[in-house]
Amino acid sequence: MAQDKGLSSLDKVMIAARAADSKKATDILIQDVRELVGITDFFVIVTAQNNRQISAVLDAIEEVEIKEAGVKPFSVEGAQEGFWALQDYGDFVVHVFQPEGRDYYRLEEIWNDAPTIPFVSENETASEEE
């Protein structure tokens with residue numbers, strides 16, 4: 001059973017973003033929606049290339065959130081369809097899209113008034129150092 005370790009919402013969001021990055025998710029965007037949405041604090045929006053990668057990203061995020069933050073998602077939606085999936089952790093929501101779905105829904109544009117939280121991919125950093 002997961003025991004919440006009391007980390008801040010932002011700490012948990014950064015854990016999720018790093019986990020998605022570890023599975024080669026791209027275009028990782030973190031939006032602070034606290035002033036715009038009454039049901040959550042942050043959105044983590046990422047792109048995965050196919051159904052298999054979406055599953056790998058979701059699994060990695062859930063595993064590391066349980067291990068490092070002691071939290072599990074309240075719900076997971078769309079994981080079976082593979083076009084788009086969502087993990088709801090209460091204080092943050094993770095959206096994993098295939099490229100076509102991300103282009104279609106343009107979630108980050110719907111909430112474009114939300115400030116973004118900087119996230120630097122370790123994959124980008126590694127390729128810049130080469």
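We use all heavy atoms of the structure for the numbers below, so side chains are in, but hydrogens, waters and symmetry mates are not.
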Colleague: Could you pull out the closest heavy-atom pair between Q98 and N50, with the gap in Å?
Modeller: NE2-C, 3.7 Å
Colleague: Got a second to check how far S121's OG is from R18's CZ, nearest 0.5 Å?
Modeller: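 It comes to 12.0 Å.
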Colleague: Which atom names give the shortest non-hydrogen contact between A48 and P99, and what distance separates them?
Modeller: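 What the structure gives for the nearest pair is O-CD, 3.3 Å.
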Colleague: What I want to find out is whether E108 reaches R102 closely enough, with some N-O distance under 4.0 Å, to be called a salt bridge.
Modeller: yes
Colleague: Check whether F92 and L86 end up in the same hydrophobic cluster, where Ile, Leu, Val, Met, Phe, Trp and Tyr are linked by side-chain heavy atoms less than 4.5 Å apart.
Modeller: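 Not linked; separate clusters.
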Colleague: Show your reasoning for whether side chain to side chain contact (heavy atoms under 4.5 Å, CB included) applies to F43 and L29.
Modeller: CA-CA 8 Å; F43 287 157; L29 177 71; over 6 Å; no
Colleague: Compare all side-chain heavy atoms of T40 with those of V33 and state whether any distance is below 4.5 angstrom.
Modeller: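 Result yes, sub-4.5 Å side-chain heavy-atom pair found.
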Colleague: Under 4.5 Å between any side-chain heavy atoms of L58 and Q87, yes or no?
Modeller: yes
Colleague: Step by step, would you call Q31 with N112 a side-chain hydrogen bond (donor to acceptor under 3.5 Å, both in side chains)?
Modeller: CA-CA 9 Å; Q31 289 183 303; N112 66 354; over 6 Å; no
Colleague: Tell me whether N51 contacts the main-chain N or O of Q53 through its side chain, where contact means a donor paired with an acceptor under 3.5 Å.
Modeller: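 Here the side-chain-to-backbone pair does not exist.
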Colleague: Restricting to non-hydrogen atoms, name the atom on F83 and the atom on G101 that form the minimum distance, rounded to 0.1 Å.
Modeller: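 Looking at all heavy atoms of both residues, the shortest contact is CZ-CA, 3.2 Å.
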Colleague: Could you check whether any side-chain N or O of E68 sits under 3.5 Å from a backbone N or O of V64, counting only pairs where one atom can act as donor and the other as acceptor?
Modeller: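 Flag not set: sc E68 to bb V64 has no pair under 3.5 Å.
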Colleague: Look only at the side chain of E65 and the backbone of G70, and say whether a donor-acceptor pair between them is shorter than 3.5 Å.
Modeller: no
Colleague: Are any side-chain N or O atoms of K5 and backbone N or O atoms of V71, one a donor and one an acceptor, separated by less than 3.5 Å?
Modeller: no
Colleague: For the residue pair A60 and K23, what are the closest heavy atoms and their distance?
Modeller: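 Heavy atoms of A60 and K23 come nearest at CB-CG, 3.6 Å.
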Colleague: I'd like to know if I28 and V57 are part of one continuous hydrophobic network [Ile/Leu/Val/Met/Phe/Trp/Tyr, side-chain heavy atoms within less than 4.5 Å].
Modeller: yes
Colleague: I would like to know whether T116 and I30 meet side chain to side chain contact (heavy atoms under 4.5 Å, CB included); could you show each step before the answer?
Modeller: CA-CA 6 Å; T116 58; I30 302 167; over 6 Å; no
Colleague: Of all heavy-atom pairs between D91 and K12, which one has the smallest distance, and what is that distance?
Modeller: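 Distance-wise, the nearest heavy atoms are OD2-NZ, 2.9 Å.
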Colleague: Are the side chain of D21 and the backbone N or O of E122 linked by a donor-acceptor pair below 3.5 Å?
Modeller: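 Pair found, side chain donor or acceptor close to backbone of E122.
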Colleague: If hydrophobic clusters are built from ILVMFWY residues whose side chains come within less than 4.5 Å, do L10 and I15 share one?
Modeller: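 Different hydrophobic clusters.
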Colleague: For a quick test of reading the model, state the closest non-hydrogen atom pair linking P73 to Y89 and the distance between them.
Modeller: N-CE2, 3.3 Å
Colleague: Shared ILVMFWY cluster between I117 and V46, side chains joined below 4.5 angstrom?
Modeller: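 In one cluster: yes.
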Colleague: One pair to check against side chain to side chain contact (heavy atoms under 4.5 Å, CB included): D59 and I61. What are the steps and the verdict?
Modeller: CA-CA 6 Å; D59 290 346; I61 292 171; over 6 Å; no
Colleague: Identify whether L107 and V13 are in the same connected component of the hydrophobic contact network (ILVMFWY, side-chain heavy atoms under 4.5 Å).
Modeller: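 No, no single cluster joins them.
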Colleague: So I54 and F97, do their side chains get closer than 4.5 Å, heavy atoms only?
Modeller: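 SC-SC contact between F97 and I54 ruled out.
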Colleague: When the ring planes of W84 and Y105 are compared, do they come out parallel, tilted or perpendicular, using 30° and 60° as the limits?
Modeller: tilted
Colleague: Is it the case that more than 12 heavy atoms not belonging to E63 sit under 6.0 Å from its CD atom?
Modeller: no
